[in-house]
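Just below is one structure, and these are the notes that go with it.
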Amino acid sequence: MKITLINPKHYIKILDPLPPLGLMYLAAFSRKNGFGDISIIDLEVERVEDKKLVSIISDSDIVGVTGFTSQFNDAARISGLCKKMGVLS
C-alpha cells in the first residue's frame with residue numbers, strides 16, 4: 001500500500017518554513033508498524049507542478065493532507081484532486 005502525506009502551501013509568505021513534524025511523526029510510526037511505502041511532499045519548500053502532483057496522487061492508495069488555516073485553499077484543492085481520481089484522502 002502506497003501512502004503519500006502532503007503539506008500544502010501557505011497563502012501567506014513564511015520566511016522560514018518549518019518541517020512538517022506531524023507528518024514526519026505519522027510516517028515514522030506507520031513505517032514502524034508495517035506500512036513501508038510512505039512519502040512526504042512538503043509543498044511549502046518543494047515546487048511541484050500540478051501535472052506531477054496529479055501523477056503522485058494517482059500512484060497512491062491513500063493521501064493524507066495536513067494544514068493550518070492559512071493552508072486551507074491549497075489543502076482543499078489537493079483533496080478535490082484526490083476525490084476526482086478516486087483516491088482515499
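Computed from a predicted model, the values in this text were never measured in an experiment.
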Are Phe72 and Leu5 connected in the hydrophobic side-chain network, where two residues link if heavy atoms are under 4.5 Å apart? no
Okay, side chain of Asp37, backbone of Met1: is any donor-acceptor separation there less than 3.5 Å? no
Considering non-hydrogen atoms only, spot the tightest contact between Ser70 and His10 and give its length. OG-ND1, 2.5 Å
According to a 4.5 Å side-chain heavy-atom criterion applied to Ile, Leu, Val, Met, Phe, Trp and Tyr, with indirect links allowed, do Ile38 and Tyr25 form part of one hydrophobic cluster? yes
Euclidean distance, Cys82 SG relative to Arg77 CZ, rounded to 0.5 Å: 10.5 Å
About how many Å separate CG of Asp74 and OG of Ser79, when rounded to the nearest 0.5 Å? 9.5 Å
Heavy-atom closest pair (Pro19 atom, Met24 atom, distance to 0.1 Å) is CB-SD, 3.9 Å
Which value, rounded to the nearest 0.5 Å, describes the distance between Ile62 atom CD1 and Phe35 atom CZ? 7.0 Å
Residues Asn7 and Asp42: closest non-hydrogen pair is ND2-OD1, 2.8 Å
Quick check: do Lys52 and Arg47 have side-chain heavy atoms less than 4.5 Å from each other? no
Note: Gln71 and Pro8 closest approach over all heavy atoms is NE2-O, 2.6 Å
Hydrophobic cluster of Val54, others only, ordered by chain and residue number, side-chain cut-off 4.5 Å: Ile6, Ile41, Leu43, Val48, Leu53, Ile56, Ile57, Val63, Val65, Ile78, Leu81, Met85, Val87
Do Ile3 and Leu21 belong to the same hydrophobic cluster, where Ile, Leu, Val, Met, Phe, Trp and Tyr are linked whenever their side-chain heavy atoms lie under 4.5 Å apart, directly or via other members? yes
